[in-house]
Amino acid sequence: MTSFDFDSIGKNIAEVRHTITRTALACGRNPESIRLVVVSKTMPCEIVSQALKSGIQILGENYIQEATCKAADLGEFPVSWHFIGHLQSNKAKTAVQLFDLIHTVDSRKTALELNRQAEKIHKCQKILIQVNVAGEATKSGIAPEKTQELLEEISRLDHLSVRGLMTMPPYEKNPESARPHFKALYLLGKTLEQAGISGISMEELSMGTTHDFPVAIEEGATLVRIGTAIFGKRK
Ligand SMILES: *Cc1c(COP(=O)(O)O)cnc(C)c1O
């Protein structure tokens, strides 16, 4: 890690924050309604701790085992851990122990297992529903038209609390191409809110990465998930 530019991390975070604020103000939103999830997957603890020293509040991780190791090493920092990777139900137990918010629930099976594990530790696990808004065959996420049914099932589970929706649109070079997908997630959130399912909140929209977060903010993101702009390209 000798070649890593530690000093740049603080600067990069400041720059991302500045872009969040500027974009929010330009579209008439309160910058404080948007939270930065710093995506630290594959980054070792020495590097992540540099970001933590810059006062970030949320770390996003994709792999359960990696996150568990990091949380043990970085326990001194008061940071909230979010899970943004694909969740296998055999990892649900560890997931509920560590994560304040799980962004990627997309099936009844995962929801049931998370509920079961959360019950064991007397926790109410906050989750988001990952939606495959573009209908990509290979992608994680539930189909938009099936989301309400899943929410109705989850609303019966006492140890899960749905806070909103998440999406990861198909990658295209022009970030503007993501706009219709972000818009679709926003509108789906509104529709589901109006469905008035008990115990379900639609306050959070997790959307936007390094590539397209300003567009996501313009379309209503409340959580942006950013790695590369902060740590540089992953190997
Ligand atoms: C890796 C990852 C990100 C961060 O992407 P960057 O392009 O590095 O900002 C965001 N969301 C998810 C789901 C990811 O897997």
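Numbers here simply count residues along the sequence, with the first being 1.
Ala178 and Pro169 get closest at one heavy-atom pair: CB-CG, 3.9 Å. Smallest separation of non-hydrogen atoms from Ser49 and Phe77: CB-CE1, 4.0 Å. When all heavy atoms of Met43 and Glu66 are compared, the pair lying nearest together is N-OE2, 4.0 Å. Minimum heavy-atom separation, Lys173 to Pro175: O-CD, 3.2 Å. The two residues Gly189 and Met202 make their nearest non-hydrogen contact at O-CG, 3.6 Å. Looking at every heavy atom in both residues, Ala51 comes nearest to Ile56 through O-CG1, 3.5 Å.
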request  = For Val96 and Ile121, run side-chain contact (heavy atoms from CB on, under 4.5 Å): C-alpha distance rounded to whole Å, both residues' side-chain angles, the deciding distance at 0.1 Å, then the answer.
outcome  = CA-CA 8 Å; Val96 301; Ile121 59 168; 3.9 Å; yes
task = Evaluate the side-chain contact (heavy atoms from CB on, under 4.5 Å) criterion for residues Ile200 and Leu192: first the C-alpha distance (whole Å), next the side-chain angles of each, then the deciding distance (0.1 Å), finally the verdict.
result = CA-CA 9 Å; Ile200 299 289; Leu192 294 168; over 6 Å; no
request  = Give the C-alpha distance, both sets of side-chain angles, the deciding distance and a yes or no for side-chain contact (heavy atoms from CB on, under 4.5 Å) between Leu74 and Trp81.
outcome  = CA-CA 11 Å; Leu74 299 169; Trp81 295 80; 4.3 Å; yes
request  = Output, in order, the C-alpha distance, side-chain angles, deciding distance and verdict of side-chain contact (heavy atoms from CB on, under 4.5 Å) for Ile127 and Ile154.
outcome  = CA-CA 10 Å; Ile127 62 170; Ile154 294 177; 4.1 Å; yes
inquiry  = side chain to side chain donor-acceptor pair (under 3.5 Å) for Gln148 and Glu152? Distances and angles first, verdict last.
reply    = CA-CA 6 Å; Gln148 181 162 345; Glu152 281 163 1; 3.0 Å; yes
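Taking 4.5 Å as the limit, every side-chain heavy atom of Ile58 sits out of range of all side-chain heavy atoms of Val79. Proximity of Phe83 to Leu101: side-chain heavy atoms (C-beta onward) are nowhere separated by under 4.5 Å. Residues Glu219 and Arg179 form a side-chain contact, since some pair of their non-hydrogen atoms from C-beta on lies under 4.5 Å apart. Contact of the Thr210 side chain with the Val16 side chain is not registered, since no non-hydrogen atoms from C-beta on lie closer than 4.5 Å. The shortest distance between side-chain heavy atoms of Arg108 and Leu157 does not fall below 4.5 Å. Taking the side chain as every heavy atom from C-beta outward, Met207 and Met166 never approach each other to under 4.5 Å. A heavy-atom distance below 4.5 Å is found between the side chains of Leu151 and Val162. Phe213 is not listed as a side-chain neighbour of Arg225, based on a closest heavy-atom distance of 4.5 Å or more.
A donor-acceptor pair shorter than 3.5 Å can be found between the side chains of Ser161 and Arg163. For the residue pair Glu203 and Ser201, a side-chain donor N or O sits within less than 3.5 Å of a side-chain acceptor on the partner. Side-chain polar atoms of Gln117 and Glu113 form a donor-acceptor pair below 3.5 angstrom.
Atoms CG and NZ, on Leu87 and Lys109 in that order, are 10.0 Å from each other to the nearest 0.5 Å. The CD atom of Glu32 lies 12.0 Å from the CD1 atom of Ile20; values are rounded to the nearest 0.5 Å. Between the CD1 atom in Ile129 and the OG1 atom in Thr147 there is a gap of 8.0 Å [rounded to 0.5 Å]. One distance of note links CD1 of Ile142 with CG of Leu150; it measures 4.5 Å at 0.5 Å rounding. Put simply, CD1 on Ile217 and CG on Leu223 are 11.0 Å apart, with the number rounded to the nearest 0.5 Å. One distance of note links CG of Asn115 with OG1 of Thr110; it measures 12.5 Å at 0.5 Å rounding.
Glu136 CD: more than 12 foreign heavy atoms inside a 6.0 Å radius. Counted within 6.0 Å of CD on Glu176, heavy atoms from surrounding residues, nucleotides or ligands total more than 12; the atom is thus considered enclosed. Within a 6.0 Å sphere centred on CD of Gln57, other residues, nucleotides and ligands contribute 12 heavy atoms or fewer. Annotation for Gln65: atom CD does not count as buried by contact number, only 12 or fewer foreign heavy atoms lying within 6.0 Å. At most 12 non-hydrogen atoms from other residues, nucleotides or ligands lie less than 6.0 angstrom from NZ of Lys126. The number of heavy-atom neighbours closer than 6.0 Å to NZ of Lys120, taken from other residues, nucleotides and ligands shown, is above 12.
When atom types are taken as modelled, the side chain of Thr167 and the backbone of Val131 share a donor-acceptor pair closer than 3.5 angstrom. Here the side chain of Gln125 pairs a donor or acceptor atom with the backbone of Phe99 at under 3.5 angstrom. Using a distance-only test at 3.5 Å, with no hydrogens or angles considered, no donor-acceptor pair links the side chain of His18 to the main chain of Ile13. A side-chain donor-acceptor contact under 3.5 Å links His159 to the backbone of Lys123. Distance alone, capped at 3.5 Å, is enough to place a donor-acceptor pair between the Thr19 side chain and the Glu15 backbone. One N or O on the side chain of Lys139 and one on the backbone of Met168 form a donor-acceptor pair closer than 3.5 Å. No side-chain donor-acceptor contact under 3.5 Å links Asp212 to the backbone of Val215. The closest donor-acceptor contact from the side chain of Asp106 to the backbone of Ser140 lies at 3.5 Å or more, if one exists at all. A donor-acceptor pair is defined here as one N or O able to donate and one able to accept, closer than 3.5 Å; no such pair exists between the side chain of Arg29 and the backbone of Thr21.
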For residues 34-42, run the donor-acceptor check on the side chains, cut-off 3.5 Å, and write out each pair with its distance to 0.1 Å, sequence neighbours left out.
residue, atom, partner, partner atom, Å
Arg35, NH2, Glu204, OE2, 3.0
Ser40, OG, Glu61, OE2, 2.7

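Residue Leu98 is not grouped with residue Ile84 when hydrophobic side chains (ILVMFWY) are merged at heavy-atom distances under 4.5 angstrom, including chains of intermediate members. When hydrophobic clusters are built by joining Ile, Leu, Val, Met, Phe, Trp and Tyr residues whose side-chain heavy atoms come closer than 4.5 Å, directly or via intermediates, Leu165 is not grouped with Leu128.
Look at Lys190 and Glu193 and you find a salt bridge, because one of the NZ, NE, NH1 or NH2 atoms lies within 4.0 Å of a carboxylate O, short of that distance.
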